[in-house]
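Reading through the structure tokens given below for one structure.
When a residue number appears, it is its place in the shown sequence, counting from 1.
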Amino acid sequence: MISTDLDLAEKLLINNKLVAIPTETVYGLAGNALSEEAVAQIFAVKNRPTFDPLIVHSDTLVKVKSFVLEFPPKAILLAEKFWAGSLTLLLPKKPIIPDLVTAGLPTVAVRIPKHPLTLQLLQRLEFPLAAPSANPFGYISPTTAQHVAEQLGEKIPLILDGGSCSVGVESTIIGFEGETATIYRLGGISVEAIENLIGEVKVKTHSTSNPLAPGNLESHYAPTKKLFLGNLREILQKYPPQEIGTLVFREAISEIPLTNQLILSEQGSFTEAAKNLFAMLRKLDKMPIKVIWAELLPEKDLGRAINDRLRRASAKR
Ligand code: TXA
Ligand code: MG
């Protein structure tokens with residue numbers, strides 16, 4: 001069921017049931033992060049391997065501090081500047097967080113999401129919410145309640161409807177080792193914004209099989225149709241134009257029928273492009289075309305996170 005009923009959401013979560021929740025990045029599939037029974041269901045419903053740890057969501061810094069052992073100075077700076085918002089911090093966990101949540105890792109991924117409905121829900125609850133993106137493992141992430149319903153609607157009792165996500169790509173994930181901060185997943189907060197605040201950071205998002213951040217698996221966020229990047233001429237030698245759909249940044253491609261093309265942002269806004277990315281990929285996946293070609297954006301700001309998602313969505317499966 002799709003609704004905005006917070007009383008029902010609260011009741012279900014207290015009873016170890018799952019609820020899909022809106023965040024500013026993508027919709028999450030939420031359960032009580034302190035309950036192994038609820039967390040186990042998250043893995044089952046998503047068909048997600050248990051080596052892939054979950055992000056824990058809370059609504060205040062005080063609550064977050066109650067389930068981590070340490071909060072390094074750089075992490076505090078980041079939390080104060082970017083929470084509530086699209087940044088996930090990796091911090092040493094207290095035993096209260098089940099090992100199932102962190103896939104046995106000593107750190108837990110935490111964030112305060114920026115969506116009024118979900119913040120209200122978190123305020124009511126005495127426990128934090130573990131929530132991966134509410135899509136089947138490996139498929140395009142959902143940015144509306146309807147996206148969630150299309151794939152998980154039968155499997156969960158409630159999808160809280162918070163409209164379409166304002167950011168549209170997942171949170172940036174950052175971890176700390178002594179004085180060094182490392183970004184493990186590019187996302188809604190840009191590398192530039194982070195470096196402005198805490199100085200230079202490492203970016204390490206290319207592990208292909210490293211379970212430390214399976215959002216970094218080579219193939220992820222992928223449509224069912226084959227997605228190509230790179231030289232469009234080569235694709236045009238293999239497929240007639242009417243069988244190709246395109247996802248372009250600012251302008252349509254002259255060789256392809258206009259009806260097959262989706263434009264991320266005519267104004268060339270990265271923010272608008274990120275917000276449209278997953279919904280447009282889904283739309284293309286449903287069009288009567290054979291393959292999708294996507295244009296890469298300039299490698300800066302949110303363009304980097306968008307390109308990261310496109311590259312993983314296009315990886316050979
Ligand atoms: O924006 C988001 O982060 C969304 C919304 C729902 O909050 N959530 C999300 O969750 O994208 P998910 O499960 O699709 O991606 C979480 C990523 C995974 O790649 C996982 O490997 C990584 O976070 N992760 C979680 N805990 C970790 C840990 N302790 N160490 C390293 N990576 C971790
Ligand atoms: Mg995901």
Side-chain angles (χ1 to χ4, degrees), residues 20 22-29 46-47 86 132-153 163-171 185-188 205 214-230 232 235 239 241-253 256-266 268-299 302-317:
T23 83
E24 81 286 16
T25 59
V26 301
Y27 274 70
L29 177 62
K46 256 192 81 104
N47 202 9
S86 323
S133 50
N135 52 313
F137 187 70
Y139 193 67
I140 306 167
S141 304
T143 52
T144 65
Q146 287 70 30
H147 292 163
V148 181
E150 279 168 20
Q151 281 162 319
L152 301 180
S164 59
C165 301
S166 59
V167 173
V169 291
E170 293 85 348
S171 59
R185 180 174 72 182
L186 297 165
T205 61
N216 289 342
L217 288 176
E218 199 180 348
S219 171
H220 218 76
Y221 314 104
T224 313
K225 293 201 171 96
K226 220 173 171 150
L227 175 77
F228 293 100
L229 307 174
L232 179 60
I235 318 300
Y239 300 89
Q242 65 275 15
E243 290 186 356
I244 306 174
T246 76
L247 184 65
V248 292
F249 183 29
R250 308 184 65 153
E251 319 178 43
I253 306 287
I256 313 277
L258 266 183
T259 47
N260 291 4
Q261 306 199 59
L262 296 178
I263 300 175
L264 286 169
S265 171
E266 281 178 18
S269 146
F270 289 123
T271 323
E272 188 183 16
K275 188 171 154 54
N276 284 331
L277 176 70
F278 288 136
M280 288 188 172
L281 270 178
R282 267 175 199 260
K283 224 170 171 180
L284 284 160
D285 213 15
K286 288 184 191 155
M287 279 187 187
I289 49 170
K290 282 237 170 76
V291 296
I292 304 168
W293 177 82
E295 178 184 18
L296 290 172
L297 277 63
E299 284 286 339
L302 281 188
R304 282 182 78 171
I306 295 170
N307 289 347
D308 170 88
R309 301 304 186 273
L310 288 173
R311 290 198 180 97
R312 293 183 206 284
S314 77
K316 275 210 190 76
R317 273 160 289 148

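K225 places a side-chain N or O within 3.5 Å of a backbone atom of D285 that can act as its donor or acceptor partner. W293 places a side-chain N or O within 3.5 Å of a backbone atom of G230 that can act as its donor or acceptor partner. Proximity of a side-chain donor or acceptor of N135 to a complementary backbone N or O of Y139 within less than 3.5 Å is detected. Judged by distance alone, with hydrogens and angles left aside, the side-chain atoms of N47 form no donor-acceptor pair with the main-chain N or O of F137 at under 3.5 Å. The backbone N or O of L296 sits nowhere less than 3.5 Å from a side-chain atom of N307 that would complete a donor-acceptor pair. Although no hydrogens or angles enter the test, the distance criterion places a donor-acceptor pair under 3.5 Å between the side chain of K46 and the main chain of S133.
The two residues A20 and V148 come nearest to each other via the heavy atoms CB-CG1, 3.8 Å. Nearest heavy atom pair, residue V169 against residue G187, reads CG2-C, 4.1 Å. Smallest separation of non-hydrogen atoms from G163 and Y27: O-OH, 2.6 Å. Considering all non-hydrogen atoms of both residues, C165 and T25 come closest at CB-O, 3.2 Å. Here the shortest heavy-atom pairing between G188 and L302 reads O-CD2, 3.5 Å. The minimum heavy-atom distance linking G28 with A134 is given by the pair C-CB, 3.7 Å.
Among L297, I306, I263, the single residue meeting the side-chain contact (heavy atoms from CB on, under 4.5 Å) criterion with F249 is L297.
Between the side chains of Q261 and T246, at least one donor N or O sits under 3.5 Å from an acceptor N or O. R282 and Q151 share a side-chain donor-acceptor pair at under 3.5 Å.
When the shell of 6.0 Å around CD of Q242 is examined, it contains more than 12 heavy atoms from other residues, nucleotides or ligands. Heavy-atom neighbours of E251 CD from other residues, nucleotides or ligands within 6.0 Å: at or below the threshold of 12.
Inter-residue side-chain proximity for P223 and I292 is flagged as met; some heavy-atom pair is nearer than 4.5 Å. Residues S171 and R185 form a side-chain contact, since some pair of their non-hydrogen atoms from C-beta on lies under 4.5 Å apart.
How far CG of N260 is from CG of L247: 12.5 Å, rounded to the nearest 0.5 Å. In this structure, the separation between OG1 on T224 and NZ on K286 is 10.5 Å, given to the nearest 0.5 Å. How far CG of L232 is from CD1 of I256: 5.0 Å, rounded to the nearest 0.5 Å.
The aromatic rings of Y239 and F228 sit tilted, their planes meeting at an angle between 30° and 60°.
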Could you go through the side-chain contact (heavy atoms from CB on, under 4.5 Å) check for R312 and T205 one step at a time?
-> CA-CA 11 Å; R312 293 183 206 284; T205 61; 3.8 Å; yes
Stepwise, does the side-chain contact (heavy atoms from CB on, under 4.5 Å) test hold for L310 with L277?
-> CA-CA 9 Å; L310 288 173; L277 176 70; 4.0 Å; yes
Step-by-step side-chain contact (heavy atoms from CB on, under 4.5 Å) determination, S265 to K275 | CA-CA 9 Å; S265 171; K275 188 171 154 54; over 6 Å; no
Chi angles and distances behind the side-chain contact (heavy atoms from CB on, under 4.5 Å) call for E170, R309 | CA-CA 10 Å; E170 293 85 348; R309 301 304 186 273; 2.9 Å; yes
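Ion pairing between E243 and K226 fails under the 4.0 Å rule for side-chain N and carboxylate O.
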